[in-house]
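To start, the structure itself, in structure tokens.
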Amino acid sequence: MFCLGHLFLCTIMLCFDTVEIFTPHRSGQAMLKTIQCGELRPEHSGQEVTLAGWVNRRRDQGGLIFIDLRDRWGICQVVVDQETAPDAHNHASNARNEYVIQVVGKVRMRPDGTSNPELATGDVEVVASEIEILNAAKTPPFYINKEDSIDEVVRMKYRYLDLRRPKMQRNIVLRHRVIKFIRDWLDAQGFVEVETPILFKTTPEGARDFLVPSRLQPGKFYALPQSPQQLKQLLMVAGYERYFQIARCFRDEDLRGQRQPEFTQLDMEISFVEREDVIQLNETLMRALVKAVVPEKRIMEEPFPRILYQDAMEWYGSDKPDIRYDLRAVDVADLAGQSGFAVFVNNVAEGKPVKAMRVPGMAGNLSGTRLRTVAAELEDMAKAAGAKGLAYMALPLEEDGEVRGPVGKFFTVDQKLALFERLGAQPGDLILFMSDRREVVWAVTDALRPHLAKELGLLDPTLLGYCWIVDFPEFLWNEDEQRWDPSQHLFTMPMPEDIPLLDTDPGAARGSQYDMVCNGFEVAGGSIRIHDRALQEKIFPLIGQDMDSAREQFGHILEAFEYGVPPHGGIAWGIDRVVAILAGEPNIREVIAFPKSQTGSDVMSGTPSSALPAQLEELHIKLDLPEEEEIEA
RNA sequence: GGGGGCGUGGUGUAGCGGCCUAACAUAUUGCCCUGUCAAGGCAAAGAUCGCGGGUUCGAAUCCCGUCGCUCCCGCCA
């Protein structure tokens with residue numbers, strides 16, 4: 001166990017245990033409910049209660065009606081007897097699914113043999129004496145009371161009903177718990193949450209900005225922040241030392257399942273830290289978070305393994321590998337170069353890699369035809385990723401069986417044995433060979449791994465495969481622009497020992513960047529920042545920025561950095577992704593209350609929509625739409 | 001900007017050139033029913049198959065366009 005004590009001595013724990021829980025009935029006023037449906041337990045037996053919620057289901061047996069009443073806390077059974085409560089029975093028979101009703105009644109144990117173990121409240125029921133229909137409901141366009149796939153259009157159009165479904169309520173509540181846990185934990189470590197502006201300055205770097213026209217200054221625009229990056233560094237200059245924010249960020253790029261135009265980051269910045277401090281702090285937070293909010297999930301390895309960027313690319317072809325399964329690409333250039341297979345021999349001679357991936361049990365006892373079909377499918381994927389082909393060997397199940405596949409005959413027995421030993425190959429394995437430019441081999445590896453893992457059933461949904469990716473290159477070569485691009489952003493500090501490389505071999509310089517990865521998704525990324533103006537000024541020309549334009553765009557930061565800036569670094573978490581992974585959801589839309597569709601619209605409200613001519617006039621904006629487009633008022 | 005998938009009663013699906021006057025499940029409506037919990041029984045209503053055009057003797061079905069949703073590449077940390 002490591003110690004953060006030297007960093008986080010002054011722990012101020014605000015304790016909310018003493019805050020009185022607000023309960024309406026203590027005020028003595030009239031109340032619509034005295035207890036939550038989902039909270040009823042045997043110990044409430046005999047109590048007179050008032051419940052209110054939505055009708056989840058109604059089972060009308062004539063003289064006896066059962067209503068499953070649902071609120072945010074769960075479902076309980078209400079029973080209404082025509083003989084003992086005729087008025088209530090009358091109302092109950094008029095009630096329908098999703099009606100909002102209020103029930104007054106007595107809690108009792110259910111008769112012997114009628115308990116429902118499916119429900120947390122299943123040992124008790126409420127015998128209604130009064131039922132009032134607070135609000136009727138139209139028949140909903142889809143089932144609230146049962147998990148079923150629903151067309152996205154319908155879900156989004158009726159998002160308020162979609163969010164009423166228990167699964168969505170669980171997701172949204174989980175999101176709340178994640179954010180609440182983070183806030184409390186960081187607060188306890190002496191962090192201060194500071195809000196930064198939503199209306200800010202456009203930046204040419206990174207993603208496309210959302211622009212907001214300024215009415216007071218015609219022709220000028222605000223931009224919505226892509227992240228609070230600059231401001232959080234200025235807060236370090238301002239001496240706050242430990243800042244965080246649950247920050248909304250905006251990027252006007254095309255959407256994906258993991259990408260929304262507005263999304264939420266945990267933004268964090270700390271002064272007087274080095275890379276190791278930020279990594280350990282965030283890892284500690286993440287581990288505590290997982291244990292607190294999803295104790296049923298298992299973290300694969302603690303402390304999180306550290307993987308060098310270079311290794312991640314060579315092994316997994318990705319800087320955000322899913323490490324829950326191995327399926328790694330192994331360098332076999334030395335063996336393949338000795339083989340009789342011309343493609344490998346030539347590629348090795350040209351210095352191109354040859355990699356092999358062992359796919360456990362994939363060949364099994366597949367028939368020759370089936371094996372060729374499987375191999376052809378994989379080859380198609382490899383080709384889609386840029387490869388020219390995909391060679392394979394299928395290992396037989398029997399000791400003395402023949403290796404199948406077109407390249408086996410080009411390897412001698414000794415070469416094959418050496419190959420199998422290096423890969424740890426077992427009978428029935430399929431071995432895939434990839435050889436091309438190293439970028440292509442990476443792309444193929446990255447394309448095949450998740451596909452194969454799915455095929456082989458290696459994706460354990462209860463497992464959280466966290467790791468850190470470190471030692472990113474400081475720059476990546478931009479072929480189009482013939483210059484270096486910052487691999488993270490232009491304030492990233494190079495690794496101290498690599499600073500001399502900036503003059504001699506910038507491509508070899510490593511940045512102080514670190515990414516936290518989980519199950520194949522980048523969940524957080526950050527770096528130690530440059531706090532030395534001379535070093536910063538060295539970076540600009542390398543990335544094709546002359547000092548004049550740099551001053552124009554970043555002058556305020558450069559100037560601030562002349563007033564005593566502490567060494568600092570930080571990180572930003574993709575909260576939507578973190579919550580989606582913890583919730584076991586494949587898509588961040590499932591953990592955002594009101595997300596946008598892939599075309600950036602809100603189907604429910606019809607957002608975005610046209611502006612009134614008067615609004616445009618006030619902003620001095622004239623539309624210049626492509627032809628055939630109608631301008632609506 | 002490019003490629004793939006989907007669009008059929010309220011919902012989820014089937015049908016994929018004529019047997020479709022569009023099937024099934026569920027939901028809905030009415031009646032019956034006092035221990036149900038995916039309640040049950042009986043009955044009824046409900047879709048011109050996203051939209052527009054074309055091919056054909058004939059289109060839910062084939063083709064083109066278009067709209068929407070979705071997945072991926074480009075883009076984006």
Side-chain angles (χ1 to χ4, degrees), chain A residues 56-69 75-85 89 93 96-98 110-119 121-122 125 127 137-158 161 205-209 226-227 229 249-261 263 265 319-320 381 384-386 443 447 450-451 469 472 476 480 485-489 492 513-517 521-527 571-574 577 586-587 589 595-601 603 606 628:
Chain A
N56 194 60
R57 270 204 183 81
R58 187 180 62 110
R59 291 178 295 280
D60 187 345
Q61 307 213 79
L64 198 63
I65 297 176
F66 295 95
I67 289 176
D68 287 344
L69 192 62
I75 289 173
C76 68
Q77 174 166 287
V78 174
V79 56
V80 197
D81 191 323
Q82 189 168 29
E83 281 182 15
T84 57
H89 183 272
S93 58
R96 293 291 179 273
N97 282 357
E98 301 310 317
R110 291 196 190 186
D112 280 349
T114 61
S115 288
N116 184 353
E118 302 285 307
L119 287 181
T121 60
E125 64 189 3
V127 187
K138 288 166 67 174
T139 302
F142 49 82
Y143 302 105
I144 310 295
N145 53 17
K146 110 181 173 192
E147 291 300 332
D148 207 351
S149 62
I150 316 162
D151 188 74
E152 281 293 313
V153 185
V154 184
R155 284 186 69 192
M156 290 308 159
K157 184 170 173 196
Y158 299 97
L161 295 179
E205 293 290 320
R208 192 179 295 118
D209 285 317
Q226 297 181 23
S227 79
Q229 183 60 37
C249 305
F250 306 85
R251 289 174 192 165
D252 188 8
E253 296 292 348
D254 287 2
L255 278 73
R256 285 283 193 292
Q258 294 296 319
R259 256 171 27 203
Q260 283 274 313
F263 59 99
Q265 284 188 346
D319 60 359
K320 41 183 194 298
M381 295 191 70
H451 171 79
I469 309 296
F472 283 77
L476 294 171
D480 298 335
D485 278 344
S487 112
Q488 194 207 19
H489 58 70
T492 300
Q513 184 189 347
Y514 31 79
D515 282 2
M516 190 197 288
V517 170
F521 296 103
E522 181 196 330
V523 292
S527 65
I571 197 165
W573 293 25
R577 282 182 194 174
N587 194 302
R589 283 193 307 275
K596 302 279 191 290
S597 81
Q598 193 150 40
T599 52
S601 43
V603 179
E628 292 170 280

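Predicted model, so just to flag it, every value in this text is computed and none were measured. Letters go in sequence order (proteins before strands), and every chain restarts at 1.
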>> side-chain contact (heavy atoms from CB on, under 4.5 Å) for Asn116(A) and Arg110(A)? Distances and angles first, verdict last.
In response: CA-CA 9 Å; Asn116(A) 184 353; Arg110(A) 291 196 190 186; 3.6 Å; yes
>> For Thr121(A) and Gln77(A): C-alpha separation, side-chain torsions, deciding distance, then whether side-chain contact (heavy atoms from CB on, under 4.5 Å) applies.
In response: CA-CA 8 Å; Thr121(A) 60; Gln77(A) 174 166 287; over 6 Å; no
>> Working note: Arg577(A) + Glu522(A), criterion side-chain contact (heavy atoms from CB on, under 4.5 Å); need CA distance, chi angles, decisive distance, verdict.
In response: CA-CA 8 Å; Arg577(A) 282 182 194 174; Glu522(A) 181 196 330; 4.2 Å; yes
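The listed nucleotides are G30(B), U34(B), C69(B); the one nearest the side chain of Arg96(A) is G30(B). Closest approach to the Gln598(A) side chain among G68(B), U70(B), C73(B) is made by U70(B) (side chain taken as heavy atoms from C-beta onward).
You'll find a donor-acceptor pair under 3.5 Å spanning the side chain of Glu125(A) and the base of G35(B), going by distance alone.
Rounded to whole angstrom, the span from the CD atom of Glu98(A) across to the P atom of A27(B) amounts to 14 Å. Taking atom CG on Leu255(A) and atom P on C73(B), their separation rounds to 14 Å, with Å as the unit. Counting to the nearest Å, the C1' atom of C71(B) and the CZ atom of Arg259(A) are 13 Å from each other. A straight line from CZ of Arg208(A) to C1' of G74(B) spans 11 Å, rounded to a whole angstrom. Remark: P of C76(B) and CZ of Arg251(A) are 11 Å apart, rounded to the nearest angstrom. Atom NZ in Lys320(A) sits about 10 Å away from atom C1' in C76(B), given to the nearest Å. Taking atom CG on Asn145(A) and atom P on U28(B), their separation rounds to 9 Å, with Å as the unit. The separation between Asp254(A) atom CG and U70(B) atom C1' is 14 Å, rounded to whole Å.
Within the 4.0 angstrom heavy-atom criterion, only backbone atoms of the sugar-phosphate kind lie near Arg589(A); the bases stay farther away. Residue-level contact check: Gly257(A) touches the backbone only, with heavy atoms under 4.0 Å from sugar-phosphate atoms and none from bases. Using a 4.0 Å heavy-atom criterion, one finds that Asn587(A) contacts the sugar-phosphate atoms exclusively. Counting non-hydrogen atoms under 4.0 angstrom, Ser227(A) reaches nothing in the nucleic acid.
Pairing partner, U48(B): none, since no Watson-Crick or wobble contact has both distances short of 3.5 Å. In this structure, U13(B) forms a base pair with A23(B), meeting either the Watson-Crick or the G-U wobble geometry with both donor-acceptor distances under 3.5 Å. Taking a pair to require two hydrogen-bonding distances under 3.5 Å in either a Watson-Crick or a G-U wobble arrangement, G68(B) pairs with C6(B). Under the Watson-Crick and G-U wobble criteria, each requiring two contacts below 3.5 Å, nucleotide C62(B) is paired to G54(B). Judged by Watson-Crick or G-U wobble contacts below 3.5 Å, the nucleotide G40(B) has C32(B) as its partner.
Between Arg256(A) and the choices Gln260(A), Glu253(A), Arg259(A), the side-chain contact (heavy atoms from CB on, under 4.5 Å) rule is met once, by Arg259(A).
Between the side chain of Asn587(A) and the backbone N or O of Arg589(A), at least one donor-acceptor pair lies under 3.5 Å. Not a single donor-acceptor pair under 3.5 Å links the side chain of Arg96(A) to the backbone N or O of Ala137(A). For the pair Gln226(A) (side chain) and Ala207(A) (backbone), a donor-acceptor distance under 3.5 Å is present. Checking side-chain atoms of Arg208(A) against main-chain N and O of Asp252(A) turns up a donor-acceptor pair under 3.5 Å. The backbone N or O of Ser527(A) lies less than 3.5 Å from a partner atom in the side chain of Tyr514(A), making a donor-acceptor pair.
Taking atom C1' on both G4(B) and G41(B), the two are 48 Å apart, rounded to the nearest angstrom. The same atom, P, is picked in U11(B) and in C51(B); the two are 14 Å apart, to the nearest Å. Taking atom P in both C69(B) and A22(B), the straight-line distance is 31 Å, to the nearest Å. With P as the reference atom, A38(B) and A27(B) are 12 Å apart, rounded to whole Å. The C1' atoms of U26(B) and G65(B) are separated by 36 Å, rounded to the nearest whole Å. Using atom C1' as the reference point in both A47(B) and A60(B), the two lie 11 Å apart (nearest Å). Between G74(B) and G12(B), the two P atoms lie 32 Å apart (nearest whole Å). Taking atom P in both G15(B) and C6(B), the straight-line distance is 12 Å, to the nearest Å.
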>> One character per nucleotide, please: for nucleotides 4-15 of chain B, 5' to 3', B when the base has a protein heavy atom closer than 4.0 Å, S when only the sugar-phosphate does, - otherwise.
In response: ------BBSS--
>> How would you summarise protein contacts on nucleotides 37-42 of chain B per nucleotide, using B for base, S for sugar-phosphate only and - for none, with heavy-atom distances below 4.0 Å?
In response: BSB---
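Both Val79(A) and Gln226(A) sit near RNA chain B, but only Val79(A) has its closest nucleotide nearer the 5' end.
In this structure, the side chains of Gln265(A) and Ser227(A) come closer than 4.5 Å at one or more pairs of heavy atoms.
The local environment of NZ in Lys157(A) is sparse, with at most 12 non-hydrogen atoms from other residues, nucleotides or ligands closer than 6.0 Å. A 6.0 Å sphere centred on OH of Tyr158(A) holds no more than 12 heavy atoms belonging to other residues, nucleotides or ligands.
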